[in-house]
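Working notes, structure below.
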Amino acid sequence: MHTIERRIKYEAELDSSFADEIASAPGCETILACIQCGTCSATCPLSIYMDYTPRRVVAMTRAGFKQEVLNCFTIWLCASCYSCTVECPKQIKITDVMYALKQRAIKDRVYRNRRFPIPVLAREFFKSVAKRGRNSESRLVVRMYLKSDIFQFVKQSILGMRLWSRGRMKLRSESIKNRKQLRALLRSVDQRNKAKAQKTETGSGVRV
Amino acid sequence: MKYLYYPGCSLRCTGKAYEESLQAVFDALGVTLEELQDWNCCGATAYMAVDEMKAFALAARNLAIAEQQGGGASPRMVSLMVPCNACFLVLTKTQRYIVQYPEVDQTVTAALKAANLSYDGRVIIRHPLDILINDIRLETVVEHAKQSLNGLRVACYYGCQMIRPYATFDDQYNPMSMDRLLRALGAEPVDWPLKTRCCGGSLTGTIQEVGLRLNHILLREAKKRGADVIATACPLCQFNLECFQSRINRQFDEKVNLPVLYFTQLMGLALGLSKKSLGLQRLFVPLGPLPASQERGDHVGV
């Protein structure tokens with residue numbers, strides 16, 4: 001017996017502040033100007049793999065379908081090729097919208113599952129650069145596979161060996177000299193981020 | 001002539017041959033490349049996905065160092081050569097957002113101050129193709145040529161982030177700088193409309209079936225258009241197009257065997273530089289002998 005599900009949301013179930021929140025990120029302010037023409041979806045080389053096309057992601061973000069948007073595959077598939085951004089007739093920087101959505105999903109820890117490799121890669125990259133100032137490709141890839149899919153690690157190791165034999169891979173990690181300076185730089189941004197988060201929290205006290 | 005130079009992480013690892021050939025070519029042209037002191041990772045696409053303000057601050061540290069190292073009186077601009085497409089975009093984007101968004105400007109200025117640095121907006125991010133065409137000029141490059149790439153059919157692949165979204169030195173829809181450069185050296189660029197289509201970046205490592213499909217489309221079309229070789233300007237594009245060819249062939253029942261070289265490696269061959277100095281031994285798909293090694297002077301056209 002199949003269960004009957006309600007497919008349409010009531011307005012009360014949507015997050016009305018979500019659009020404003022995304023629109024406040026640099027580059028995303030024009031999201032409300034979208035005319036839903038679908039040029040972004042047509043030009044995107046990855047839209048055939050997406051669960052929601054970029055046009056729908058923009059519409060859903062504006063309407064406040066927060067959970068659906070943050071949980072979708074689309075935002076992670078975006079490879080930042082900027083085709084949509086240059087083609088959009090309303091000059092919406094859709095790549096930046098995708099970045100803002102990824103950030104929000106990482107912040108809220110909303111992933112499709114914990115071992116989904118794309119956010120794992122982003123976080124590992126982030127951590128390694130914050131620590132050493134440089135990204136060591138080989139180590140990054142190894143860490144990503146260990147944290148997402150060990151089977152893939154075994155599968156990819158042949159490629160790793162081939163790269164190694166041509167001097168295109170090394171296990172020693174690269175680092176900048178002035179790591180103290182880098183820490184001070186990133187700490188300053190952290191402080192500003194925190195101050196901003198507190199401000200929005202107190203500013204929207206009525207919201208549940 | 002001298003340029004400040006920002007290599008980026010990939011040119012120290014999978015894209016080593018790009019740095020080797022770039023250095024060799026500029027050396028042969030009599031241009032010195034001075035590495036940016038203690039440069040840090042640009043942040044690439046991953047940093048923007050986690051915290052874009054940190055991404056801007058990271059990139060700005062490089063800009064601040066470039067301004068300091070480039071020296072000169074205050075109104076003087078400093079050119080910073082950035083060969084990797086991803087680094088090129090992130091550094092350019094950071095500059096633009098500092099100007100466009102007061103919030104980015106304030107955050108970056110505060111972060112640089114905390115790190116005892118400052119940035120006045122005097123750096124110009126330059127791609128090596130831009131420098132070769134607009135500063136060194138094709139005539140000079142051709143003068144240095146020792147042999148012609150005569151008849152070598154090249155599919156020039158620009159990838160995405162070099163000309164999108166900021167077309168600073170070439171056309172956004174049909175970039176021609178690499179085509180012109182290689183044509184001047186005797187090669188025959190093929191008409192290949194996918195020259196700016198995305199290779200998928202890190203998708204070959206994360207969601208492989210999708211990444212392989214994108215690269216298959218590029219390779220198949222290049223082969224169909226009669227290319228002998230693909231020329232790239234980005235370490236990730238080169239890696240994706242070259243290192244996954246055998247897997248693509250298996251998965252899509254295809255028979256592609258196309259060498260994928262950095263445009264600087266092809267240039268180096270025309271300038272008569274040794275294969276080793278250009279890092280050709282690092283290729284997975286080796287480049288066969290050039291079609292006809294004719295004496296210089298046979299080719300014309302700039």
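Throughout, protein chains are lettered first and strands after them, A, B, ... in sequence-line order, and every chain is numbered starting at 1.
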Quiz prompt | Intermediate values then yes/no, side-chain contact (heavy atoms from CB on, under 4.5 Å), L203(B) and W76(A) | solution = CA-CA 10 Å; L203(B) 285 171; W76(A) 299 112; over 6 Å; no

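Between the side chain of N135(A) and the backbone N or O of C9(B) there is no donor-acceptor pair closer than 3.5 Å. Between the side chain of Q181(A) and the backbone N or O of A114(B) there is no donor-acceptor pair closer than 3.5 Å. The closest donor-acceptor contact from the side chain of Y97(B) to the backbone of P26(A) lies at 3.5 Å or more, if one exists at all. Using modelled atom types, no side-chain atom of Y47(B) and backbone atom of V129(A) make a donor-acceptor pair closer than 3.5 Å.
From L159(A), atom CG reaches atom CZ of F239(B) across 5.0 Å, with rounding to the nearest 0.5 Å. To the nearest 0.5 Å, atom CZ of residue F284(B) and atom CZ of residue R166(A) are 5.0 Å apart. In this structure, C13(B) SG and R172(A) CZ are separated by 10.5 Å, a value rounded to the nearest 0.5 Å. Atom CG of L112(B) is separated from atom CG of L185(A) by 6.0 Å, given to the nearest 0.5 angstrom. Atoms CZ and SG, on R164(B) and C81(A) in that order, are 4.5 Å from each other to the nearest 0.5 Å. Distance check, rounded to the nearest 0.5 Å: CZ of R247(B) to CD1 of I158(A) gives 7.5 Å.
Partners of K93(A) by salt bridge (charged side-chain N to carboxylate O under 4.0 Å, His left out), not counting sequence neighbours: none found. Partners of E137(A) by salt bridge (charged side-chain N to carboxylate O under 4.0 Å, His left out), not counting sequence neighbours: none found.
Residues D96(A) and K93(B) are paired through a salt bridge, judged by an N-O separation under 4.0 Å between the basic side chain and the carboxylate. Of the charged side-chain nitrogens involved, at least one lies within less than 4.0 Å of a carboxylate oxygen, so that R168(A) and E242(B) count as a salt-bridged pair.
Both the backbone and the side chain of E52(B) come within less than 4.5 Å of a heavy atom in chain A. Contacts of K16(B) with chain A are made by side-chain atoms alone, with heavy-atom separations under 4.5 Å and no backbone atom involved. Interface remark: V210(B) contributes backbone and side-chain atoms alike to the contact with chain A (heavy atom separation under 4.5 Å). Looking at Y166(B), there are no atoms closer than 4.5 Å to chain A (heavy atoms on both sides), in backbone or side chain. The contact between Q208(B) and chain A is made entirely by side chain atoms (from C-beta outward), counting heavy-atom distances below 4.5 Å.
Interface check for chain B: of the options A130(A), S83(A), A100(A), the most heavy-atom pairs under 4.5 Å are formed by S83(A). Comparing L77(A), I75(A), V141(A) by how many heavy-atom pairs each has under 4.5 Å with chain B, the most go to L77(A). With respect to chain A, the highest number of heavy-atom pairs below 4.5 Å among C42(B), G43(B), G279(B), A86(B) belongs to G43(B). Listed options M98(A), K170(A), M169(A), Q103(A) were ranked by heavy-atom pairs under 4.5 angstrom with chain B; first place goes to Q103(A).
Listed by sequence position, A57(B), L58(B), R61(B) are the residues of residues 57-64 of chain B in contact with chain A, using a 4.5 angstrom heavy-atom cutoff. When the heavy atoms of residues 52-63 of chain A are compared with those of chain B, none of the residues falls under 4.5 Å.
A donor atom on one side chain and an acceptor atom on the other are not found under 3.5 Å apart for Y82(A) and Q172(B).
The environment of CZ in R197(B) is crowded: more than 12 heavy-atom neighbours from other residues, nucleotides or ligands sit within 6.0 Å.
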